[in-house]
Amino acid sequence: MIGAMVMVIALSGSAPAEPALLPDAAALADDATDWLLEGEALPPDYRARLMRMPPEARLQALVFLRRSGLLTSDAWALPDILDPAPVQEAAP
């Protein structure tokens with residue numbers, strides 16, 4: 001019994017940390033944390049903001065929003081998650 005507890009403690013201490021969020025996802029996570037603490041829902045333009053992100057940041061942000069409880073009803077199709085962000089044109 002004690003050996004099993006020691007093994008569990010040792011394994012839990014060596015578990016890899018969660019990877020850091022990409023900058024776009026981290027910025028949205030900071031905003032979302034503020035929304036959550038202030039009791040607000042997602043803003044109406046959150047989907048457009050996510051679609052401007054690269055797909056890997058978009059996926060991280062969606063996972064964060066789902067885990068935080070802010071994203072509860074909207075379904076995201078796989079192409080919406082994985083499509084590349086639109087290319088921004090350079091200003092003349």
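We're numbering straight along the sequence, starting at 1.
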Which atom of Arg58 lies closest to which atom of Met51, heavy atoms considered:
NH2-O, 3.2 Å
Under the side chain to side chain contact (heavy atoms under 4.5 Å, CB included) test, residues paired with Leu36 that sit two or more places apart:
Ser68, Leu70
Please output the side-chain donor-acceptor pairs of residues 20-35 that fall under 3.5 Å, not counting sequence neighbours, one pair per line with the distance.
{"from": "Asp31", "atom 1": "OD2", "to": "Arg49", "atom 2": "NH1", "distance (Å)": "2.8"}
{"from": "Asp31", "atom 1": "OD2", "to": "Arg49", "atom 2": "NH2", "distance (Å)": "2.6"}
{"from": "Thr33", "atom 1": "OG1", "to": "Ala29", "atom 2": "O", "distance (Å)": "2.8"}

Do the side chains of Leu78 and Leu50 join up, straight or via other hydrophobic residues, at under 4.5 Å, putting them in one cluster?
yes
So which heavy atom on Pro55 is nearest to which on Ala85, and how close?
CD-N, 4.4 Å
Can you name the side chain to side chain contact (heavy atoms under 4.5 Å, CB included) partners of Pro86, sequence neighbours left out?
none
Can you list the residues that meet the side-chain hydrogen bond (donor to acceptor under 3.5 Å, both in side chains) rule with Asp80, with sequence neighbours excluded?
Arg47
Give the intermediate values and the outcome of side-chain contact (heavy atoms from CB on, under 4.5 Å) for residues Leu71 and Phe64.
CA-CA 9 Å; Leu71 187 63; Phe64 182 87; over 6 Å; no
To the nearest 0.5 Å, what is the distance between CG on Leu82 and CH2 on Trp76?
11.0 Å
Find the distance between CD1 (Ile81) and CD (Glu56) and round it off to the nearest 0.5 Å.
13.0 Å
Would you please name every residue forming a side-chain hydrogen bond (donor to acceptor under 3.5 Å, both in side chains) with Arg66, sequence neighbours left out?
none
